[in-house]
Amino acid sequence: MGYPHPPHDPYGQQPTGPHQPPGYPPQPAAHLPSYGPQPGVSPYGYQQPAPPPPPPPPPRRSNLPLILILAIGLPLVLLGGCTALVFSVGDDAALPARERIEPSAAMTAGPTATTEAQPPSVDHQAAPETNRGEPEPEPADEQPSAVPVGRPLTLEGLDPALKVEVQVVKVFDPATPDNLFMKPSAGNRFVAVEVTLTNAGQAAYRDSPSIGSTLIDTEGRQYRSTFATVREAQGFGGLVSMTGTDTRRGALVFEVPDGVRLAKFQLGLDSGLAPQRGEWLLN
């Protein structure tokens, strides 16, 4: 035996229940419980906590202290300035008449009452006054004047501690060649100048005297030394080294044209680079 099916509602309403007699209108679906999200209730069924209240706004700063300072301090400053002015005026009035600044007779008089000051006379023949505040410049190293043969001269090198005493002993003109392979050219002759070097400073002397030596004729022409040797005197043999008070003696040989008259001999330290040069007269 089959069970009868509930009547089908063509309008979408719920079918009639077993306790609802046929013929009654069907019950709407509004009385069914809703399973959607409810406010304040989580989907899992427990109560959600309420959100915290917003923080209170920050208090506003009051400008009342600044207004009070301006309202009280400004009148006090103005009152103090007026009081100081009154006291200064009163003190000026209390000064005696001799201390007050009054126009003098020279100031009130006309142009004829004043006398013009005469400018001091200037003596153009007097020597100019030197400036005592500034030190006088030191004189530059004077070049030693030319001396005759036989008189020594003390020369200074680039280093102030380097000092050498130079003396021209003798001049051989003409000089005889000592080497057959080193003879003067045709029309020339050898001239030898024998000198003595003595270390007179604190620094050691190490130089070649032949490089810093020069021979000058009466026409102003200059001649450099050669490496030739002569019979009359022995040469330095190149480099000379002296320490303490050592002394060296040797000859410097020059080649000059025949018929030339010699006038001066010059010698300088540090291969002739030192500003001071000694000079000897040869005639």
Side-chain angles (χ1 to χ4, degrees), residues 140-185 188-257 260-283:
D141 295 338
E142 296 182 358
Q143 188 76 12
S145 57
V147 298
V149 174
R151 183 176 301 179
L153 288 177
T154 301
L155 304 180
E156 184 175 317
L158 297 175
D159 183 4
L162 176 61
K163 295 181 181 180
V164 177
E165 182 182 274
V166 183
Q167 180 182 9
V168 177
V169 179
K170 191 174 182 180
V171 178
F172 300 94
D173 184 16
T176 306
D178 189 24
N179 192 335
L180 297 178
F181 298 97
M182 297 186 66
K183 295 182 179 181
S185 303
N188 293 346
R189 71 181 190 272
F190 280 159
V191 176
V193 180
E194 188 177 14
V195 298
T196 301
L197 306 176
T198 303
N199 190 5
Q202 301 297 328
Y205 174 80
R206 184 180 178 85
D207 194 8
S208 179
S210 60
I211 299 178
S213 60
T214 306
L215 201 62
I216 305 173
D217 62 9
T218 55
E219 301 295 331
R221 292 184 291 258
Q222 298 187 152
Y223 305 93
R224 307 295 295 180
S225 63
T226 65
F227 296 100
T229 56
V230 294
R231 298 179 181 178
E232 288 78 7
Q234 184 179 354
F236 284 102
L239 186 66
V240 177
S241 297
M242 295 187 301
T243 58
T245 57
D246 291 349
T247 301
R248 299 289 187 273
R249 183 170 178 168
L252 303 173
V253 181
F254 301 85
E255 183 177 355
V256 299
V260 170
R261 297 181 56 187
L262 302 178
K264 298 177 183 180
F265 168 75
Q266 290 183 347
L267 180 64
L269 304 183
D270 293 324
S271 302
L273 298 178
Q276 191 180 41
R277 298 177 66 88
E279 190 173 81
W280 289 263
L281 299 175
L282 301 182
N283 54 4

Nearest-0.5 Å distance, [atom1] of residue [X] to [atom2] of residue [Y]:
{"X": "S145", "Y": "L153", "atom1": "OG", "atom2": "CG", "result": "7.5 Å"}
{"X": "F254", "Y": "S213", "atom1": "CZ", "atom2": "OG", "result": "4.0 Å"}
{"X": "L273", "Y": "D207", "atom1": "CG", "atom2": "CG", "result": "8.5 Å"}
{"X": "L269", "Y": "R206", "atom1": "CG", "atom2": "CZ", "result": "15.5 Å"}
{"X": "L267", "Y": "I211", "atom1": "CG", "atom2": "CD1", "result": "11.5 Å"}

Backbone N/O of T176 and side chain of E232: donor-acceptor pair under 3.5 Å: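 Confirmed, E232 side chain pairs with T176 backbone.
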Examine distances only and state if a side-chain atom of N199 and a backbone atom of D246 form a donor-acceptor pair shorter than 3.5 Å.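 Answer holds: no.
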Check whether any side-chain heavy atom of [X] lies under 4.5 Å from a side-chain heavy atom of [Y], and answer yes or no.
{"X": "L215", "Y": "L282", "value": "yes"}
{"X": "F236", "Y": "L197", "value": "yes"}
{"X": "M182", "Y": "T229", "value": "no"}
{"X": "F265", "Y": "V149", "value": "no"}
{"X": "V147", "Y": "E279", "value": "no"}
{"X": "P177", "Y": "F190", "value": "yes"}

Under the side-chain hydrogen bond (donor to acceptor under 3.5 Å, both in side chains) rule, collect the residues that match up with R224, sequence neighbours excluded.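 With sequence neighbours excluded, R224 shows a side-chain hydrogen bond (donor to acceptor under 3.5 Å, both in side chains) to T214, given in chain and number order.
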Kindly write out the residues that satisfy side-chain hydrogen bond (donor to acceptor under 3.5 Å, both in side chains) with N188, not counting sequence neighbours, or none if the list is empty.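 By the side-chain hydrogen bond (donor to acceptor under 3.5 Å, both in side chains) rule, N188 matches E255.
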Considering all heavy atoms, the nearest [X]-[Y] contact:
{"X": "R248", "Y": "S241", "answer": "NH2-O, 3.1 Å"}
{"X": "P209", "Y": "V240", "answer": "CD-CG2, 3.8 Å"}
{"X": "G238", "Y": "S208", "answer": "O-OG, 3.7 Å"}
{"X": "L158", "Y": "A274", "answer": "CD2-CA, 3.8 Å"}

Other residues, nucleotides and ligands only: do more than 12 of their heavy atoms fall within 6.0 Å of CZ on R231?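 12 or below, so no.
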Checking side-chain contact (heavy atoms from CB on, under 4.5 Å) between R249 and each of T198, T196, V195, which is the one that passes?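 One option only clears the test, and that one is T196.
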I'd like to know if the side chain of D217 pairs up with that of Y223 as donor and acceptor (distance under 3.5 Å, no hydrogens or angles considered).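 Side chains of D217 and Y223: pair found under 3.5 Å.
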Acceptor/donor pairs from residues 161-173 side chains to any protein atom, 3.5 angstrom cut, sequence neighbours excluded:
unit_1 : atom_1 : unit_2 : atom_2 : d
Q167   : NE2    : G150   : O      : 2.8
D173   : OD1    : R189   : NE     : 2.8
D173   : OD2    : R189   : NH2    : 3.4

